[in-house]
Amino acid sequence: MPELPEVELLRRQLERILPGRVIADFECRKPKLCRLRGIEAAGPGELVSRMRDLLVGRRVESVDRRGKFLLWGLTGGLVLAVHLKLAGQIVVVGPDGRELARGGHWAPRPGVPLPHRATHITFRLDDGSVVYLTDIRQFARLTLMPAGEVGPFLREFGLGPDGLREPVDAERLEQVFRRRPKAPIKAVLLDQAVVAGLGNIYADEVLFATGIHPLRPAAGLTRPEVEALAAAIPEILSRAVAEGAGPVVGDRAARDNGLPEVHGREGEPCRRCGTPIRRLRVGGRSTYFCPTCQPLSP
DNA sequence: CATTATGTTCTGGA
DNA sequence: TTCCAGAACATAAT
């Protein structure tokens with residue numbers, strides 16, 4: 001998905017729109033995107049209608065975030081957890097047809113009329129505005145559950161501390177790293193148990209900022225390197241939020257001066273030393289780094 | 001046609 | 001048994 005910064009930016013938009021609104025209708029054309037948790041199981045054929053019955057008439061009270069999950073607090077003690085995964089997108093259109101919010105990944109691009117053919121879920125609100133969830137790859141997930149289930153639900157994903165709201169503890173990082181003797185640090189940073197919210201782009205950014213080669217075994221990092229990582233993670237994530245995050249948004253000038261500094265810049269000169277940025281594959285993901293600033297041996 | 005894509009989970013082999 | 005790389009998920013853009 002969208003990584004933490006983009007989810008946070010979307011959360012801030014939704015927080016100005018959704019709270020106070022009542023869900024007037026809910027439609028879903030792809031039942032597999034929907035889940036119920038801690039609520040009496042319905043047959044697969046009844047899942048969407050059950051979910052609709054539970055959602056319609058409820059007021060949104062809050063829009064929270066944990067890692068890459070958006071958490072909509074609803075009246076009656078229910079919470080809707082939304083995960084956009086790789087390609088999910090939320091667009092809110094006001095009663096007058098004007099766009100009020102947009103966040104998530106690519107298709108459909110701005111200007112493409114909604115609902116798009118990949119718009120699988122639609123919420124109609126009591127003031128006439130509409131929330132569209134579009135996902136060209138159908139990986140996004142909506143889970144409706146009682147508020148008491150949120151803790152266990154997130155625990156099942158092994159979510160670690162949120163990369164933005166809690167300081168990252170170097171001590172704990174070191175412990176987690178020691179349990180992965182051979183895994184490259186880049187792969188370990190993608191594990192949401194380490195820091196919830198880091199994804200492929202910002203894992204690269206954090207390693208560049210700290211001068212650590214992505215293939216270094218996590219367990220082999222020195223204490224000062226782990227401390228540098230712990231400091232860099234919240235710093236980079238909050239900077240990304242401040243800059244408006246994401247290579248998809250942002251104009252050319254922002255891209256030249258702001259984040260991302262290495263990700264997606266193969267062949268471009270490193271901003272610090274001028275060496276061409278290189279790309280390799282780690283854990284199946286494209287990984288960008290500066291071979292000079294991020295040496296393989298410390 | 002081949003490659004790539006901001007995420008997560010499962011499988012199978014070492 | 002633990003750990004890790006790769007495949008799978010489903011589709012579009014380049």
Side-chain angles (χ1 to χ4, degrees), chain A residues 1-11 29-33 35 65-70 81-90 102-109 112 116-120 133-143 153-160 163-164 176-207 214-220 236-237 240-241 243-250 255 258-267 279-288:
Chain A
M1 117 115 348
E3 304 185 28
L4 186 153
E6 201 170 359
V7 179
E8 173 62 14
L9 287 163
L10 175 58
R11 188 197 70 77
R29 308 284 301 167
K30 277 277 185 288
K32 71 169 181 180
L33 304 198
R35 297 277 191 282
R65 182 190 58 74
R66 184 72 194 282
K68 298 167 192 167
F69 285 95
L70 281 173
V82 179
H83 199 306
L84 296 175
K85 297 281 183 89
L86 261 178
Q89 178 193 62
I90 284 178
R102 168 181 293 262
H105 213 0
W106 54 67
R109 294 286 174 68
V112 173
H116 180 267
R117 110 187 125 68
T119 302
H120 308 302
L133 195 156
T134 306
D135 184 357
I136 207 77
R137 296 176 70 171
Q138 305 176 28
F139 291 169
R141 292 293 178 270
L142 272 67
T143 307
F153 171 76
L154 294 175
R155 207 160 303 132
E156 258 176 39
F157 290 91
L159 278 203
L164 244 199
V176 180
F177 292 170
R178 267 201 292 262
R179 277 187 270 117
R180 316 284 201 97
K182 294 187 63 186
I185 181 63
K186 163 71 187 275
V188 174
L189 288 180
L190 291 178
D191 182 345
Q192 300 298 293
V194 177
V195 176
L198 271 192
N200 201 34
I201 292 176
Y202 292 102
D204 282 359
E205 296 303 310
V206 159
L207 290 174
L215 289 179
R216 297 264 310 278
I236 301 250
L237 290 175
V241 172
E243 288 181 14
V248 175
V249 221
R255 196 180 129 76
L259 294 165
E261 297 196 50
V262 277
H263 191 91
R265 295 180 181 276
E266 182 178 22
R279 178 171 74 139
L280 39 83
R281 215 153 254 290
V282 182
R285 316 300 302 275
S286 277
T287 298
Y288 299 81

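Every chain is numbered from 1 and lettered A, B, ... according to where its sequence line falls, protein lines coming before strand lines. Everything numeric in this text was worked out from a predicted model, so none of it was measured.
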Novice: Given the P atoms of B:dT4 and C:dG6, what is the spacing between them in whole Å?
Specialist: 14 Å

Novice: Would you tell me if any nitrogen or oxygen in the side chain of A:R279 comes within less than 4.0 Å of OP1 or OP2 on B:dA5?
Specialist: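 Yes, within the criterion.
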
Novice: Determine which pairs satisfy salt bridge (charged side-chain N to carboxylate O under 4.0 Å, His left out) with at least one residue from residues 190-199 of chain A, sequence neighbours left out, and list them in order.
Specialist: A:R180-A:D191

Novice: What integer number of Å spans the P atoms of C:dT1 and B:dT9?
Specialist: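 Here C:dT1 and B:dT9 have their P atoms 23 Å from each other.
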
Novice: Rounded at 0.5 Å granularity, tell me how far CG in A:L215 sits from OG1 in A:T287.
Specialist: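 So the CG of A:L215 and the OG1 of A:T287 are separated by 7.5 Å.
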
Novice: Who does B:dC10 pair with, Watson-Crick or G-U, both distances under 3.5 Å?
Specialist: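 With both distances under 3.5 Å, B:dC10 matches C:dG6.
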
Novice: Base, sugar-phosphate alone, or nothing: which one does A:K30 contact when heavy atoms must sit under 4.0 Å apart?
Specialist: nothing

Novice: Give the rounded distance in Å between these two atoms: CZ of A:R180 and P of C:dA5.
Specialist: 10 Å

Novice: Below the 4.0 Å mark, does C:dC9 have OP1 or OP2 next to a side-chain nitrogen or oxygen of A:Q138?
Specialist: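 Result: no.
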
Novice: With a centroid cutoff of 5.5 Å and a plane-angle limit of 30°, would you call A:Y202 stacked on B:dT6?
Specialist: no

Novice: On a whole-Å scale, what distance lies between the P atoms belonging to C:dA7 and B:dT3?
Specialist: 12 Å

Novice: Please tell me which of A:R179 and A:G284 maps to the more 5' nucleotide of DNA chain C, matching each residue to the nucleotide holding its nearest heavy atom.
Specialist: A:R179

Novice: Which parts of nucleotides 8-14 of chain B does protein reach within less than 4.0 Å, heavy atoms only, written one letter per nucleotide 5' to 3' as B for base, S for sugar-phosphate only and - for none?
Specialist: BS-----

Novice: Check whether any side-chain N or O of A:S286 sits under 4.0 Å from OP1 or OP2 of B:dT4, and answer yes or no.
Specialist: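 Checking B:dT4 against A:S286, no side-chain N or O comes under 4.0 Å of OP1 or OP2.
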
Novice: Atom CD in A:E205, atom CD1 in A:I236: separation rounded to 0.5 Å?
Specialist: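 Output value for this atom pair is 6.0 Å.
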
Novice: Establish, with yes or no, whether the OP1 or OP2 oxygen of C:dC9 is under 4.0 angstrom from a side-chain nitrogen or oxygen of A:K32.
Specialist: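 Checking C:dC9 against A:K32, no side-chain N or O comes under 4.0 Å of OP1 or OP2.
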
Novice: With rounding to whole Å, what would you report as the distance between B:dT8 and C:dA13 at their P atoms?
Specialist: 23 Å

